[in-house]
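For reference, the structure discussed in these notes is given below.
Below, chain A is the first sequence line, B the second, and so on; all start at residue 1.
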Amino acid sequence: EAQVTQNPRYLITVTGKKLTVTCSQNMNHEYMSWYRQDPGLGLRQIYYSMNVEVTDKGDVPEGYKVSRKEKRNFPLILESPSPNQTSLYFCATRRPGQTDTQYFGPGTRLTVL
Amino acid sequence: GENVEQHPSTLSVQEGDSAVIKCTYSDSASNYFPWYKQELGKRPQLIIDIRSNVGEKKDQRIAVTLNKTAKHFSLHITETQPEDSAVYFCAASISSYDKVIFGPGTSLSVIP
């Protein structure tokens, strides 16, 4: 079964405490990306990766880091989280086609106090 | 940079009627335009996309049109059903593998 998993699903943390949200896929897709979703602001792309060791900034990359050391994993790193990073985060993969197919993870709800 | 506007922000239609959501974009280099549906409390789904070499694309009750000259694209849902109720997001990108910018979303309610 095609799957994108994210961990943790929920996290409450404090300002400045480094955290990592993991994203893993079992479909061997080359493209992976991270989004955040905030009320009134919709979806915004943070970072994306076209393949192993290839990453690029999305619309709102400030305060985030990513790495893509292997195809299946694309972790999102917050080195020093701040309250304005409180959000719902989605990881996704993409498979090209007549209509591309995107597989979104279940989301990670992060609260930074 | 790219900016995507979307209208209307909310839309209510009677079951069986059609719904149209319109988006405009600013960057003439954009060539890829996906549409997403997000039901309440669920993750987004890519429901249809269109590339700039095509003016229209259909998939069952959903169609998308693109006018590159005017820099706008639209989502058309025919014979709406209650399960079409969701927030719909349009987006624009140079390609499906590049940075993507989203519109602010349209909340569609289909009234039985």
Margin query: Looking at B/Lys22, I'd like to know if its NZ atom is crowded, meaning that more than 12 non-hydrogen atoms belonging to other residues, nucleotides or ligands lie closer than 6.0 Å.
Written below: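 No - once you tally the heavy atoms of other residues, nucleotides and ligands closer than 6.0 Å, there are 12 at most.
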Check: Is the count of non-hydrogen atoms from other residues, nucleotides or ligands lying under 6.0 Å from B/Leu40 atom CG greater than 12?
Finding: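 Atom CG in B/Leu40 is not crowded, with 12 or fewer foreign heavy atoms closer than 6.0 Å.
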Joint cluster assignment, [X] & [Y], ILVMFWY side-chain distance < 4.5 Å:
| X | Y | answer |
| --- | --- | --- |
| B/Val87 | B/Phe73 | no |
| B/Phe102 | A/Leu88 | yes |
| B/Ile47 | B/Val100 | no |
| B/Ile77 | B/Val110 | yes |
| B/Leu108 | B/Val64 | yes |

Check: With a 4.5 angstrom heavy-atom cut-off, which part of A/Leu41 approaches chain B: side chain, backbone, both or neither?
Finding: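 Neither the backbone nor the side chain of A/Leu41 comes within 4.5 Å of chain B.
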Margin query: Using heavy-atom distances under 4.5 Å, tell me whether A/Phe104 contacts chain B through its side chain, its backbone, both, or neither.
Written below: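 For A/Phe104, the contact with chain B is made by backbone and side chain together.
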Scan chain B against chain A and return every donor-acceptor pair whose distance is under 3.5 Å.
residue: B/Tyr32; atom: OH; partner: A/Arg94; partner atom: NH1; Å: 2.8
residue: B/Tyr36; atom: OH; partner: A/Gln102; partner atom: OE1; Å: 2.3
residue: B/Gln38; atom: OE1; partner: A/Gln37; partner atom: NE2; Å: 2.6
residue: B/Gln38; atom: NE2; partner: A/Gln37; partner atom: OE1; Å: 2.9
residue: B/Arg43; atom: NH1; partner: A/Phe104; partner atom: O; Å: 2.9
residue: B/Asp49; atom: OD2; partner: A/Asp100; partner atom: N; Å: 3.0
residue: B/Arg51; atom: NH2; partner: A/Asp100; partner atom: OD1; Å: 2.9
residue: B/Arg51; atom: NH2; partner: A/Asp100; partner atom: OD2; Å: 3.2
residue: B/Lys57; atom: NZ; partner: A/Gln98; partner atom: O; Å: 2.5
residue: B/Lys57; atom: NZ; partner: A/Thr99; partner atom: OG1; Å: 2.8
residue: B/Ser96; atom: O; partner: A/Arg94; partner atom: NE; Å: 3.0
residue: B/Ser96; atom: OG; partner: A/Asp100; partner atom: OD2; Å: 3.1
residue: B/Lys99; atom: N; partner: A/Tyr48; partner atom: OH; Å: 3.3
residue: B/Val100; atom: N; partner: A/Gln45; partner atom: OE1; Å: 2.9

Notebook entry, point to check: Between A/Gly42, A/Gly107, A/Pro106, A/Gly40, which residue shows the highest count of heavy-atom pairs closer than 4.5 Å to chain B?
Noted result: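 Looking at each of A/Gly42, A/Gly107, A/Pro106, A/Gly40 in turn, A/Pro106 comes out on top.
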